[in-house]
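Convention: sequence-line order gives letters A, B, ...; per-chain numbering from 1.
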Number of protein chains: 2
Amino acid sequence: MTDRDTSHRDASRTPAHPEAAEIRLEGVLHALSDPVRLSIVLDLAGSADDLACSHFDLPVTKSTTTHHFRVLRESGVVRQAYRGTTKLNALRRDDLDALFPGLLDSVLTAAAAEAARLTA
Amino acid sequence: MTDRDTSHRDASRTPAHPEAAEIRLEGVLHALSDPVRLSIVLDLAGSADDLACSHFDLPVTKSTTTHHFRVLRESGVVRQAYRGTTKLNALRRDDLDALFPGLLDSVLTAAAAEAARLTA
DNA sequence: CGTCTGCTTCGACGACTCTCGTACCATGGG
DNA sequence: CCCATGGTACGAGAGTCGTCGAAGCAGACG
C-alpha cells in the first residue's frame, strides 16, 4: 500500500461500463423488455439517488439479480459503483437523455401507466 | 358457402390481432429490440400509408420475414390486412399513442438518431 | 385451365436468456 | 483474527428466439 493506495478502493472495483457512444438502442430496449429489469429501472427512477442492490425486493435469487444488473449495466441503462460491501446503482439519465431524448421518460410513464392499468 | 359468403374475402383473412387493452409494454419493447423489426417499423413510420411485405428489402429469407411480421403483429405494433395476394402493414399509431404516449415517437427518433450516428 | 407470385407453415438447428444452487471473494465489525 | 454480510463466478438446465430450407396454399393473370 504505497502508491497503489487507491487501487483497491471504490473506483478500482468499478465494473466495466459502456461509453455513451457505445450504447445501442436495441440493447436498451432489450434490457427494458424484461419485467424484472423494468421494475428495477422503475424503482430506480422513483428514487432520488442511488440504490443498493440489497434494497430491491425481487422475486428471483441473488445470482439472477446479479445477472439482471449486469444486463442493465452492459446495455448502458445503469451505472454501478461499489461502496464498501454494497453496490450502488443509478440510472444513466444524462447519457440516455442525450442519446435518446424522451425515450426513458416515455418508457417510465408507460410502465407506470401499464402497472396502474393491470392492477386496477 | 351460403351465408358465409364473405368468409374468404379480405376481412376474413385478416390474422388475429391483440386488442388495444391486450398490448403489453414488455412485448412492444421486445418487438422493437430486434434490428430487423426496428428497421421495418422505421420504414413503416416513414411512409404515409400501408406498405406491402414485398416492399421491404430485408437481409433475411421470406420465412424469417413472416416470423418478424408476426411478432410485430402479435405484440400490437403493426396491423396487417390482406389485399389480394399481398399483405399490407401499418403501424398501430393510434393504439400505441393512447397506451404509451410519446413512446413510439421517441423510439423512432432514437432509431433515426442512432442510424445517423453509426453511418456517419 | 395452368402457372406465377406472395406469403405461410412446418420442422430443425444453433444461439441466447432466465433461472437456479453452490462455491467463492472482499469488505467491515466484533 | 475470524466470521457475518453483500455480491460474484461458474456451471447447468429449461425455455425462447432468430434463422433457414422445403413444401404448401391462395389470388392473379394469361
S.K.: Side chain to side chain donor-acceptor pair (under 3.5 Å) with R79(B): which of N89(B), D94(B), D95(B), D50(B)?
M.R.: D95(B)
S.K.: In whole angstroms, how far is the P atom of dG6(D) from the CG atom of L58(A)?
M.R.: 15 Å
S.K.: Could you tell me how far apart L72(A) (CG) and dT17(C) (P) are, to the nearest whole angstrom?
M.R.: 13 Å
S.K.: Name the closest nucleotide to the K62(A) side chain, picking from dG7(D), dT19(D), dT19(C).
M.R.: dG7(D)
S.K.: With the side chain of T64(B) defined as its heavy atoms from C-beta on, choose the nearest nucleotide among dT9(C), dT19(D), dC18(C).
M.R.: dT19(D)
S.K.: Measure the shortest side-chain to side-chain distance between L103(A) and L25(A) over non-hydrogen atoms and say whether it is less than 4.5 angstrom.
M.R.: yes
S.K.: Verify the contact: side-chain N or O of R37(B) to OP1 or OP2 of dG18(D), cut-off strictly under 4.0 Å; return yes or no.
M.R.: yes
S.K.: Given dT19(C), dC7(C), dG7(D), which nucleotide is nearest the side-chain atoms of S54(A)?
M.R.: dG7(D)
S.K.: Using the side-chain heavy atoms of H30(A), tell me which of these nucleotides is nearest: dT17(C), dT19(C), dG6(D).
M.R.: dT17(C)
S.K.: Roughly how many Å is it from CD1 in I40(A) to C1' in dC18(C), rounded to a whole number?
M.R.: 13 Å
S.K.: As a test of reading the structure: which of dC7(C), dC18(C), dC20(C) is closest to the side chain of T61(A), going by heavy atoms?
M.R.: dC20(C)
S.K.: In whole angstrom, give the distance that lies between atom CG of L51(B) and atom P of dG6(C).
M.R.: 15 Å
S.K.: Would you say that more than 12 heavy atoms from the other residues, nucleotides or ligands in this model lie under 6.0 Å from the CG of D57(B), or not?
M.R.: no
S.K.: Rounded to the nearest angstrom, tell me the gap between atom CG in D34(A) and atom P in dT16(D).
M.R.: 14 Å
S.K.: Any side-chain heavy atom of R37(A) sitting closer than 4.5 Å to one from S75(A)?
M.R.: no
S.K.: Starting from C1' on dG6(D), measure out to NE2 on H67(A) and report it in whole angstrom.
M.R.: 19 Å
S.K.: Starting from the 5' end of DNA chain D, give me the residue, V71(B) or S63(B), whose nearest nucleotide shows up first.
M.R.: V71(B)
S.K.: Mind calculating the distance between CZ (R70(A)) and C1' (dC16(C)) to the nearest angstrom?
M.R.: 14 Å
S.K.: Take S33(A) and S33(B), measure what side-chain hydrogen bond (donor to acceptor under 3.5 Å, both in side chains) needs, and give me the verdict at the end.
M.R.: CA-CA 8 Å; S33(A) 70; S33(B) 70; 5.0 Å; no
S.K.: Nearest to the side chain of T85(B), which nucleotide is it out of dC7(C), dG7(D), dG27(D)?
M.R.: dG27(D)
S.K.: I need the OH-P distance between Y82(A) and dT27(C), as an integer number of Å.
M.R.: 10 Å
S.K.: Considering only side-chain heavy atoms of A52(A), which listed nucleotide, dG18(D), dC18(C), dG7(D), is closest?
M.R.: dG7(D)
